[in-house]
Amino acid sequence: MDSDGTQDARGTHANPVPRPARPPEIPAMPPRPAAAPGMPPMPDGSAFLTWLRTPRPEAAPGVWRFGYTPRPDEEPERIPTRQLLSGAVIAFLVGWLVWSLLWNGYLGGWWVLPLELFTPDSWRHSDDRVGNAVLWYGYYTLIALTIMLVVGRLGRWGEIWRRFGPPAWNRTAPAPERPPTPGQDPAEWPQLRAAGVVDAAERLAAEARAGLMRDVDHARITRAWQGVRSGRHSLATFTGAVLQEGAAACPHPSGERDLPGRLARHDLVTGQVRLGTTADDARNPYAYRGAGLGLGPDLLGTSLLAVGPAGSGKTGTVVRPLAESLCLHALAGRAAVVVVGAAGAGLGPTEAYDVVVRIGNPESVYDLDLYGGTTDPDEAAAVLAEALVGDLAEPHQGGDTRRSTTVLAQLLGPFWAVHGRFPSVPELRQLLDGAPGPLAALRKGLEDSGQDSLLRELDARERQMGHPGDVGGVLADRVALLDRPAFAGFFDTSGRSRPFSLKALDHPVRVRVDLPQRGHADASRMLARLVLAQFTASVAVREDRSLFACLILDDATGVVTPEAVRGIQRLRSGNAGVVLTLRTLDDVPRALRGPLLGAAGCRMALSGLTPWDGQDFAEVWGKEWTQATDVTDRQIIAETPAGKALHMVRRVITGKAPTARAVTVRQVERERWSASELAHGVPPGHAVLSLTNVKGEHAPPLLVDLRG
């Protein structure tokens, strides 16, 4: 208790609570600045200029060219360290022995004969001791250096110096860079100066030095300048835009100059995105070992097929970087990209795309045009038939797709003539089911407008409805998958929604289509086939084919059909390509696996592949000639008593019987990668990838570390 009768806050004597001796000091407030802090200094453009001036030499397909150092095609012969050091020591001892024999006169005096022949007697027999010493010992030094040079070459002393000396210590130090000449400096825009547009070049160079230019700006303005050179744009318009807006000239329609964030490394000068590093493996060509792996439109123009089980990294290490790269190309005005995947698959943020179609989500701003934006009933019928029943068609030409196209055309043509639009999903389902009311109304409309030819089409459709082999019922069942409450607000044809059509691929647009997976797997596969069919049909009729168009399907299960394979084969000539991913080749009909692997110029087998999938890849990659070394150990049998005694001593020392080794080297033809190696020899996080660019250049199957 205190004197006032209250208990001490420190507690009892048995459990005292410590109290600070004095209250803690409050730190003093910093003095108020005399003036408001200024704006941070503008960043300089040194980082951008360094990136732009980094050399990008020509390289084999798939090599990451940014800062690449070319390597020889064949691996140089590397002598083992033990053999190299022992040979150097033996060569030194031999040289020492030769010098000792010469110096001590065991080999005679012939080695001083050149000195006696080429020098006057007065030099050699003068009374000048210093001169004589310089003459004779200088000659001895010359002879010693000659012997050292000879034995050094024989003992490979230079290789020891390069492998263990200061050159090996300083190998990681960067070499000093020479400043580029004004005519070769890309930051000075020499192509504009050569064309006489000096003012625009000066403005862009100043923006680059000031740090106001990005890699996307450089690529976008370069693309605009190519349009000027090809005659698509006016030189005066280009120059005026550059002088007025600088690095922000010639903007993308969205006004964006970069993506919200980047996960992969991109080089927009070469158009590549880095996916990983080629493993330092004996199965890889020496020129590729340790080099980065970069893909660009020149390789994606032949299409890419990636196969790997769930969790092997298809989306995170392949699809996402490629989608990100193509979005950057779209911002630069070089490409149009459509990415299709399940909702929440991690294909990039919404802000990275211009159009996001969320099928089945009521909050979706955009809708998907079921008919691809065409006004031709026959074209619309062909695309829609491929989406609805393409997976039921036979691999040969003339399967169910052709009959289904005819059935749909018999209904779409009359409906367009009467209503000026194509039917919605409920209306199309009623027409395919043969509902009497809609067919009667359609017939009356045709009769009122005098469309006799279309009336005959409708009559033929009504006659075929009663036949047992009519495919109208199958089409109606497939359309019923889209006539669900979840899709009630989608595929509208009345003009009340904002449908996206793949006819927009004439422009550098970024599109993402989210498919409903949960509870609507069949509808999702059908919509994926629809997008692929519309893509292959749209890129074939584009006016501007200088714009690269690419479709990325994160999961192509149930999408590969005979018509789809034929469409993929035609994409290369239209400056377009597709990226398809599969969990297994079993998701593709057996008759289409070979044609699909043949249609895709770039093929990737990720770790965890099954042996039967690996067999298909092994067949398409073929075989190659290689050297096979056979080593045979044959036991030596001694016949003499001395030989037997020697062999006995050798066996006691080594523990093995004396043998003679025979080495046989022969040329054999073997698979580049066998099915067993693909199934069990690819480490986690790796993949085996073969490449083909649009020029026809090939890269053999490469073991790639996708985590690098």
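Bear in mind that the values here come from a model prediction, so they are computed numbers and not experimental data.
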Regarding [X] and [Y], does a basic nitrogen lie under 4.0 Å from an acidic carboxylate oxygen?
| X | Y | answer |
| --- | --- | --- |
| Arg583 | Asp555 | yes |
| Arg478 | Asp391 | yes |
| Arg265 | Asp267 | no |
| Arg257 | Glu245 | no |
| Glu563 | Arg570 | yes |
| Glu427 | Arg421 | yes |

**OP:** For the pair Arg334 (side chain) and Leu268 (backbone), establish whether a donor and an acceptor sit closer than 3.5 Å, ignoring hydrogens and angles.
**Re:** yes

[X] side, atom [atom1]; [Y] side, atom [atom2] - distance, nearest 0.5 Å:
| X | Y | atom1 | atom2 | value |
| --- | --- | --- | --- | --- |
| Cys602 | Leu580 | SG | CG | 12.0 Å |
| Trp416 | Asp376 | CH2 | CG | 10.0 Å |
| Arg525 | Leu481 | CZ | CG | 10.0 Å |
| Leu347 | Ile552 | CG | CD1 | 8.5 Å |

Subject >> Plane angle bin for Trp51 and His218 - parallel if under 30°, tilted between 30 and 60°, otherwise perpendicular >> reply: perpendicular

Original post:
Just checking, Arg498 and Tyr366: is the charged tip under 6.0 Å from the six-membered ring centre and within 45° of the axis?
Top reply: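 That pair qualifies as a cation-pi contact.
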
Original post:
Pick one: which of Ile568, Leu596, Thr692 meets side-chain contact (heavy atoms from CB on, under 4.5 Å) with Ser303?
Top reply: Ile568

Original post:
Among Val338, Asp354, Leu547, which one satisfies side-chain contact (heavy atoms from CB on, under 4.5 Å) with Val509?
Top reply: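 Exactly one option meets the side-chain contact (heavy atoms from CB on, under 4.5 Å) with Val509, and it is Asp354.
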
**OP:** Count the heavy atoms of every other residue, nucleotide or ligand shown that sit under 6.0 Å from CZ of Arg229, and state whether that count exceeds 12.
**Re:**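 For Arg229, atom CZ is not crowded (no more than 12 foreign heavy atoms under 6.0 Å).
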
**OP:** Ignoring hydrogens and angles, state whether a donor on the side chain of Thr610 or Asp613 is under 3.5 Å from an acceptor on the partner side chain.
**Re:** yes

